Trainee: 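I am attaching a structure below and will ask some questions about it afterwards.
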Amino acid sequence: TGIILRGHVGAIVRGNRIHNFFNGIYTGTTAGIDNPEIARDADIYDNTLGHISDDGLEPEGACVNHRFRDNRVDTMLVGFSNAPVTQGPTWVIRNLFTNFTSTSIKWSRNPNGAVFIYHNTFYTDAPELNAMSMITIGYNTVMRNNIYQGNGFAFEESLYGSTGMDWDYDNWFTTRDASLPHFRWETVDYLSIALLCASTGLECHGHESAPGFVNPLGGDFTLLSSSPNIDRGVVIPGINNDYLGAAPDLGMYEFGNGGQ
């Protein structure tokens with residue numbers, strides 16, 4: 001692992017370049033909440049990670065007030081691992097995860113801590129790969145204003161029992177044929193995000209349009225002026241107050257604000 005953070009209060013992990021490790025940045029512990037190895041109040045930001053064999057950002061454990069923001073992770077198995085966050089809150093804000101080969105977010109071992117996932121961009125061009133897959137059920141996660149792109153299911157949850165999931169205002173794009181289901185939630189397949197919303201209440205303000213990146217194959221995930229993600233988000237106090245236009249944009253980058 002490139003960086004392991006344990007047993008600190010108020011630690012900052014900033015401005016690092018981490019390449020060719022098995023895991024990128026690990027900030028968790030599987031022990032109980034009273035374990036002295038638990039890191040609290042950690043800020044992990046402005047790090048660049050690449051060619052990670054397993055998880056790019058890995059908060060697996062109590063993860064009390066962990067804030068992951070403005071990180072860039074490219075070429076990895078998993079972007080962000082929630083496997084599991086058991087306490088939280090854990091914040092995942094304005095990160096870029098590109099060219100993952102397994103899943104954007106790893107939900108595993110029934111994570112039930114409070115996790116807030118805001119304004120991230122997740123992208124893969126791997127054939128038939130889901131934009132997001134759930135290995136186990138999960139709980140208590142809020143997602144807003146993210147962009148997900150893949151080529152299989154937009155997301156796939158093939159188990160039953162996830163609760164406390166509050167997902168909305170996200171862009172879920174897949175190149176999968178329109179005749180095939182784009183979403184699977186609690187073992188049920190849905191052809192479109194509208195049908196998903198009607199049945200589950202998830203992503204009722206979300207959309208499935210192509211994200212409109214400037215040059216994803218060249219590594220530029222800022223938004224074109226024609227992107228459907230401009231002014232498509234919801235205001236989150238303390239997170240995106242400095243948005244431009246009529247509403248916040250989806251994904252890591254705010255159009256017209258120097259990229260972000």
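Treat the numbers as computed from the prediction; the structure is a model and nothing was measured. In this chain, residues are counted from 1 in sequence order.
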Trainee: Determine, step by step, whether N145 and I236 satisfy the side chain to side chain contact (heavy atoms under 4.5 Å, CB included) criterion, reporting the C-alpha distance in whole Å, the side-chain angles of both residues, the deciding distance to 0.1 Å, and the verdict.
Mentor: CA-CA 9 Å; N145 300 352; I236 308 168; 3.9 Å; yes
Trainee: Which residues satisfy the side chain to side chain donor-acceptor pair (under 3.5 Å) test with D54, sequence neighbours excluded?
Mentor: none
Trainee: Checking one residue: Y243. Which other hydrophobic residues are in its cluster under the side-chain 4.5 Å linking rule?
Mentor: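 Under the 4.5 Å side-chain rule, Y243 groups with V235.
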Trainee: Any salt bridge (charged side-chain N to carboxylate O under 4.0 Å, His left out) involving residues 211-236? Give me the pairs, sequence neighbours left out, ordered by first then second residue.
Mentor: none
Trainee: A131 and F100: which non-hydrogen atoms are nearest, and at how many Å?
Mentor: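 Smallest heavy-atom distance, with atoms named: O-CZ, 3.5 Å.
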Trainee: Answer yes or no: is there a donor N or O on one side and an acceptor on the other, between the side chain of T75 and the main chain of N99, under 3.5 Å?
Mentor: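 A pair under 3.5 Å: no.
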Trainee: Please list, chain by chain and in numerical order, all residues satisfying salt bridge (charged side-chain N to carboxylate O under 4.0 Å, His left out) with E208, sequence neighbours excluded.
Mentor: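 Scan of E208 (salt bridge (charged side-chain N to carboxylate O under 4.0 Å, His left out), adjacent residues dropped) gives none.
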Trainee: Once you round to the nearest 0.5 Å, how far does OG1 of T27 lie from CZ of R40?
Mentor: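 So the gap between those two atoms works out to 13.0 Å.
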Trainee: Give every residue pair that meets the side chain to side chain donor-acceptor pair (under 3.5 Å) criterion with at least one member in residues 191-206, sequence neighbours excluded.
Mentor: D168-H205, W172-E203, Y190-S199
Trainee: For N23 and D55, indicate whether the former's side chain and the latter's backbone hold a donor-acceptor pair under 3.5 Å.
Mentor: yes
Trainee: Using only atom types and a distance under 3.5 Å, with no angle test, would you say the side chain of H182 pairs donor to acceptor with the backbone of R176?
Mentor: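 Judged by distance alone, yes, a pair lies under 3.5 Å.
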Trainee: Please name all residues satisfying salt bridge (charged side-chain N to carboxylate O under 4.0 Å, His left out) with D41, sequence neighbours left out, ordered by chain then number.
Mentor: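 For D41, no residue satisfies salt bridge (charged side-chain N to carboxylate O under 4.0 Å, His left out) once neighbours in sequence are set aside.
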Trainee: Measuring from N95:CG to I44:CD1, what's the distance to the nearest 0.5 Å?
Mentor: 10.0 Å
Trainee: Under a 4.0 Å threshold between the charged nitrogen and the carboxylate oxygen, would D170 count as salt-bridged to R144?
Mentor: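 Salt bridge absent between R144 and D170.
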Trainee: Among all residues two or more places apart in sequence or in another chain, which pass the salt bridge (charged side-chain N to carboxylate O under 4.0 Å, His left out) test with E128?
Mentor: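 Scan of E128 (salt bridge (charged side-chain N to carboxylate O under 4.0 Å, His left out), adjacent residues dropped) gives none.
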Trainee: I need the minimum non-hydrogen distance between I137 and P111, along with the two atoms involved.
Mentor: O-CD, 3.5 Å
Trainee: Applying salt bridge (charged side-chain N to carboxylate O under 4.0 Å, His left out) as the test, list every pair that has at least one member in residues 177-198; sequence neighbours left out.
Mentor: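 Those involving residues 177-198 are E156-R184, R184-D189.
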Trainee: Run the side chain to side chain contact (heavy atoms under 4.5 Å, CB included) check on I18 and T48 step by step: do they pass?
Mentor: CA-CA 6 Å; I18 301 170; T48 301; over 6 Å; no
Trainee: Pair V73, L57 - check side chain to side chain contact (heavy atoms under 4.5 Å, CB included), show working.
Mentor: CA-CA 8 Å; V73 188; L57 303 179; 4.3 Å; yes
Trainee: Can you see which heavy atom on C63 is nearest to which on G28, and at what distance?
Mentor: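 Heavy-atom minimum between the residues: SG-CA, 4.1 Å.
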Trainee: Tell me, please, which residues at least two apart from R14 pass side chain to side chain donor-acceptor pair (under 3.5 Å).
Mentor: Y45
Trainee: Side chains of T29 and R6: donor-acceptor distance under 3.5 Å anywhere?
Mentor: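 Judged by distance alone, the side chains do not pair up.
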Trainee: Quick one: side chain to side chain contact (heavy atoms under 4.5 Å, CB included) partners of A39, sequence neighbours excluded?
Mentor: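 With sequence neighbours excluded, A39 shows a side chain to side chain contact (heavy atoms under 4.5 Å, CB included) to L5, H66, given in chain and number order.
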Trainee: Where do D249 and I230 come nearest, in terms of heavy atoms and distance?
Mentor: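 Between these two residues, the closest heavy atoms are OD1-CA, 3.3 Å.
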Trainee: Could you report the tightest heavy-atom contact between N240 and P248, atom names first, then the distance?
Mentor: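 That would be ND2-CG, 3.4 Å.
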Trainee: Does some side-chain heavy atom of N47 sit less than 4.5 Å from a side-chain heavy atom of I25?
Mentor: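 Yes, their side chains come closer than 4.5 Å.
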Trainee: Could you tell me the separation between the CZ atom of F221 and the CZ atom of F213, rounded to the nearest 0.5 Å?
Mentor: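 So the CZ of F221 and the CZ of F213 are separated by 6.0 Å.
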Trainee: Are V92 and M165 joined in one hydrophobic group, where the rule is that I, L, V, M, F, W and Y side chains link up if heavy atoms are under 4.5 Å apart?
Mentor: yes
Trainee: Mark yes or no for whether T121, through its side chain, and L96, through its backbone, hold a donor-acceptor pair below 3.5 Å.
Mentor: no
Trainee: Any chance you could lay out the side chain to side chain contact (heavy atoms under 4.5 Å, CB included) test for I193 and F183, step after step, and finish with the verdict?
Mentor: CA-CA 7 Å; I193 202 167; F183 300 88; 3.8 Å; yes
Trainee: Apply ring-ring contact (aromatic ring centres under 6.0 Å, His included) to W167 and list each qualifying residue two or more places apart in sequence or on a separate chain.
Mentor: W107, F155, W185
Trainee: Salt-bridged, D70 to R94, with N to O below 4.0 Å?
Mentor: no
Trainee: S133: what forms a side chain to side chain contact (heavy atoms under 4.5 Å, CB included) with it, not counting sequence neighbours?
Mentor: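 Only T103, N130 meet the side chain to side chain contact (heavy atoms under 4.5 Å, CB included) criterion with S133.
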Trainee: Is a side-chain donor-acceptor pair under 3.5 Å present for H119 with N146?
Mentor: no
Trainee: Going by the angle between their ring planes, with limits at 30° and 60°, are F97 and F80 parallel, tilted or perpendicular?
Mentor: perpendicular
Trainee: State whether the side chain of N110 and the backbone N or O of G138 hold a donor-acceptor pair below 3.5 Å, judged by distance alone.
Mentor: no
